[in-house]
Amino acid sequence: MSDYSKHFPVMLPEVLDALAPKDGEIYVDATFGNGGYSEAILSAADCKVIALDRDPGVRERAEELKAAFGARFDFRAGCFGNFAKLVSETVNGAVFDIGVSSMQLDEAQRGFSFSKEAPLDMRMSQTGASAADLVNSLEEKELADLIYQFGEERNSRAIARKIAEARAQAPIETTTRLAEIIYQVNKKKHDQIDPATRTFQALRIAVNDELGELAKGLEGAAARLSSGGRLVVVDFHSLEDRLVKNFFKQKSGKNISVSRYMPLPSVQQDILFKDCSKAILPSKEELDKNKRSRSAKLRYAIRC
């Protein structure tokens, strides 16, 4: 059995219900990761799946699915922010699973987890500036603003100050050293979320421009959907969820200002979506089996 079998696709039954795959149709798994959604969609109907991912580490898994499903599966390397460029076809549905994948968290050397000693990296594409680059180069105020904005961390200024003091002695190069610096401000408490979580989240979002890519990806997917096509998004924290919720509201005719990552809606904008769902939460059964799903929310909308 493949090692990928130990990874749980978050809210898989709910994703399939929302996407409703049918024979002969085309779907996009915009965040391929370990391939859980792609494999489930291909198994649910005699359809085609186009999978996108910027992480070169998923190639082996993509080759497994290609061997199993042949021409019905097509992997395309790239970030979902470039959805409209990577996918030229009109499609019947698309699914996004936003954030870091289980595989990336489990691979200590990727530097996503503060619980494992590793280089402070966090780059999904394994190119460009790393988390260590940001931590060691940003001005203290810039770093505090980043941690507050993307991590919603109330103690961002104190954490940034401690980081500045520590890097003056020696560059901060590992996940565990950064975590220990954060623990000087936010003390660990039993049975509570690790106090380094928000700072690590903020750095990961900044390194990978996750909110900017999500905004572009949603626009690209909406442009490629056929009439009746479904756009399904699973997200994991309030910044992502607010962006997704407001995108669906805006594109269903409710003009609002969303965020600095989305353009202001015009008065004459086209209405693209109908039947936008409210947030759907994981089942109790899933929460019992997969603790990583505890903060997940699913939203979907159907193209007019």
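Residue numbers start at 1 and run along the sequence shown. Since the model is a prediction, treat every value here as computed from it, not as a measurement. These values consider heavy atoms only, across backbone and side chains, with no hydrogens, waters or symmetry-generated copies.
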Does [X] have any side chain to side chain donor-acceptor pair (under 3.5 Å) partners at least two apart in sequence or in another chain, and if so, which?
X	value
R303	none
S130	D133
E39	R61
R76	D74, E89

*Could you tell me which residues satisfy salt bridge (Lys or Arg N to Asp or Glu O under 4.0 Å) with K189, sequence neighbours excluded, listed by chain and number?*
none
*With sequence neighbours left out, what residues match E286 under salt bridge (Lys or Arg N to Asp or Glu O under 4.0 Å)?*
none
*Y148: what forms a ring pair (Phe, Tyr, Trp, His ring centres under 6.0 Å) with it, not counting sequence neighbours?*
none
_Test your reading of the model: is there a side-chain donor-acceptor pair from T199 to the backbone of A196, 3.5 Å cut-off?_
no
*Keeping to residues at least two apart or across chains, list the side chain to side chain donor-acceptor pair (under 3.5 Å) pairs with something in residues 12-26.*
E25-Y27
_Tell me which pairs pass ring pair (Phe, Tyr, Trp, His ring centres under 6.0 Å) where either residue lies in residues 30-59, with sequence neighbours left out._
F32-F73, F32-F75
*All pairs passing salt bridge (Lys or Arg N to Asp or Glu O under 4.0 Å) where residues 143-152 contributes a residue, at least two apart*: K141-D145, E152-R242
*Sequence neighbours left out, what pairs pass salt bridge (Lys or Arg N to Asp or Glu O under 4.0 Å) with at least one residue falling in residues 172-187?*
none
*Identify, with sequence neighbours excluded, every residue that meets side-chain contact (heavy atoms from CB on, under 4.5 Å) alongside A160.*
E140, L143, A144
